[in-house]
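One structure below.
Only this structure's heavy atoms are used, side chains among them; waters, hydrogens and symmetry mates stay out.
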Amino acid sequence: MSSSIDEETLTKSLSDLLISSDDIDEDLITYLVGMVSDSDTFPLHTLKAMTIDDECELYESISPFLESVGVENSLIFKVCTKVKELACEALDVTSDGNALGGVAGAAAEITTRSNGANEPNDNLEARKLKQGMVSFSSNLDTQTDAEIDANRFLWGRDSGVAAFTNTKKDAHKDTVSSKDKRKQKQELEKSRREYETKVRALEEEERKEGTNAVVAAMILPDYDSGRNEKDIQVKNVSLALDTGRSLLDNADIKFSHRRRYGLVGKNGIGKTTLLKAIASLEIHGFPQHHRILHVRQEVKSASSEVSVLQAVLDSDAERNALLAQEKELIARLEGQEEVQQDSSTSLTKRREELQLKLQGGESKNDEFEADLKRLDQVYSRLSILASDTAETRAAQILSGLQFTPEMQSGPTSALSGGWRMRVSLAAALFIEPDLLLLDEPTNHLDLEAVLWLESYLCEYKHTLVVVSHDRGFLNEICSDIIEFKNFKLKYYKGDYDTYVRTAEELIKNQMRVYQAYQDKRAHMMEFIDKFRANAKRASIVQSRIKAVEKMDLEAPDKVEMEAIWRFNIPNPEPLGRPIISIDDASFDYNHEEKNEKDYLLQKVNFGIDLTSRIGILGPNGAGKSTLLNMITDKLAP
């Protein structure tokens, strides 16, 4: 009596279903047939009672092999269903054979097996021959895998990417259940949705900023709201996200004029959110008369064709508003809608002419006199902002950031990420706000630009707050460090290295104070426990109890040492050589309009293996990010 599916029938059925795929060969089918026809693993009655879904034992056994060669889930379900049908048929045949019984049934079975003994092998060889799988090479020409690999790459004849295997990784992959796979897909989908939400929020923020999305935005100050204090001090500041998560709780913000602060803290603690809240004047009690500018960590390219120089000039919202008011006031005073101003006339001369009018009593009415006074205020503020030399200063700053004259006149939309960050920095340095907030300014800058920025910020005439993970950069420019920790802001004098030493000493002192408190309390509690039942010393015990209670009220905070996070990455098995190979690759974003000799990347050749340690150097715009995008298959050469 047979207790498993007939191998010949199963081989033919699986071949009919799967042989159309180019990635499936007879060896895989033979292996699957041997596994499924094993009566110990899959008895017929178990297969017949099995419900076919992605959690059944049959599906979890064969799906890893079929998925590895690209078979779709629908076809895998068809294979499982076919196996179940064959199991049902085999059970029915077995029942009929048992009814016949005796020697006749056994003889018939022996005859059947003897007549068809060679048929499976014949069919197998025929199918292999049709697929071109029969090898006509001699055993004398057989080479080991190591010899084949050496001959392939020894003389550089084969520069393609070799297939690699990792048995540890593959073994782990094969043991992942369908439930875990669905969970992984759900987590990936959740991460994708969160990323898209952040991107949409950034795009919405840039859309609100309009044409100045390539540079940082600034809110116009209200000079009538304060007494022109240059220092900033706000107490009891609380800040929270829209989700309700608290970032600051009764913290103090203190910025002294002409001090350069480095804001440090763990990733995700809320440093960027704090800078945004300060720049948008959302913090209650924050002075409104300061010019505040926040340069974001990431700046996307605006779709504007405005030149780089004009984008920097347009970034000063106050100057633009004053120029618009000047034009409107002059049009009203002269009694015409449009006035062509002579740009060669300086602000000083225009203001002197206006003062003569005011002193000469040329006022026609109260409204006319009010417009003259307002125009005088506009000229006074434009003079403070050095509006006459605005274009010259902007060009000098751009030149310091290595913008050539051609680049300054070119559109901002044609710039790479590194150059867009430079435009944003140029706008911030051009405006010279009272409080400049820089969020990771060195992220996209090359070495020369970082050195120039360091020297410029060291001479900055106003207050500066920088968020950066570059320890050397913070040591060069910072006069103070602000530690963002435990919902508070703690201030330290000196550069980053000084802050580290001071913080370590402070923790050591706090630990000594706390340990002394613990030792004293333990000594007093020992006395209390020893003489608690002694009537002669009852008054002393009560006095000690009160002293302990008072100590507990004034006890120092327990020092919590940050846990050192350690992790270990196991060494992988050697991969095939090379891991990545690029041969004569050329690329340009406008390849249709350029000759190949003018491409951004021209005939790039290199390979990467396990021993490679490569650093990509080059100025902004040279194509470093483009090359990485080509390697990761985000761009096609």
Between [X] (side chain) and [Y] (backbone), is there a donor-acceptor pair under 3.5 Å?
X	Y	result
Asn629	Ser625	yes
Lys488	Leu248	no
Gln602	Tyr599	yes
Lys634	Thr626	no

Who passes salt bridge (Lys or Arg N to Asp or Glu O under 4.0 Å) against [X], sequence neighbours left out?
X	answer
Lys48	none
Arg471	Asp497
Asp470	none

- Task: Inspect the contact between Glu8 and Lys12 and indicate whether a charged nitrogen and a carboxylate oxygen are less than 4.0 angstrom apart.
- Result: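 Salt bridge flag = no for Glu8 with Lys12.
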- side chain to side chain contact (heavy atoms under 4.5 Å, CB included) involving Glu72 - partner list, sequence neighbours excluded: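 In terms of side chain to side chain contact (heavy atoms under 4.5 Å, CB included), with neighbours along the sequence ignored, Glu72 is linked to Ser74.
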- Who pairs with Asp242 by side chain to side chain contact (heavy atoms under 4.5 Å, CB included), at least two apart in sequence or on another chain?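 If we apply the side chain to side chain contact (heavy atoms under 4.5 Å, CB included) test to Asp242, skipping adjacent residues, there are no hits.
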- Message: Walk me through whether Met407 and Trp419 qualify under side-chain contact (heavy atoms from CB on, under 4.5 Å).
- Response: CA-CA 10 Å; Met407 294 176 67; Trp419 288 105; 3.6 Å; yes
- Taking atom NZ of Lys183 as the centre, report whether more than 12 heavy atoms of other residues, nucleotides or ligands fall under 6.0 Å from it.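 Result for NZ/Lys183: open.
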- Assess whether atom NZ of Lys78 is packed by more than 12 heavy atoms of other residues, nucleotides or ligands within 6.0 Å.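 Open: at most 12 neighbouring heavy atoms sit under 6.0 Å from NZ of Lys78.
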- Task: Could you walk me through whether Glu189 and Arg193 pass the salt bridge (Lys or Arg N to Asp or Glu O under 4.0 Å) test, one step at a time?
- Result: CA-CA 6 Å; Glu189 182 65 20; Arg193 287 197 298 266; 3.8 Å; yes
Exercise answer: donor-acceptor pairs, residues 603-610 side-chain atoms, under 3.5 Å, sequence neighbours excluded:
unit_1, atom_1, unit_2, atom_2, d
Asn605, OD1, Asp584, N, 2.7
Asn605, ND2, Asp584, OD1, 2.9
Asn605, ND2, Lys603, O, 3.1
Asp609, OD1, Thr611, N, 3.1
Asp609, OD1, Thr611, OG1, 2.8
Asp609, OD1, Ser612, N, 3.3
Asp609, OD1, Ser612, OG, 3.1

- Task: Answer with yes or no after comparing the ring centroid distance for Tyr59 and Phe77 against a 6.0 Å cut-off, counting only values under it.
- Result: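 Between Tyr59 and Phe77, the centre distance is under 6.0 Å.
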- State, to 0.1 Å, how close Ala240 and Ser246 come at their nearest heavy-atom pair, and which atoms those are.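 Answer, listing the atom of Ala240 first, then Ser246: CB-CA, 4.1 Å.
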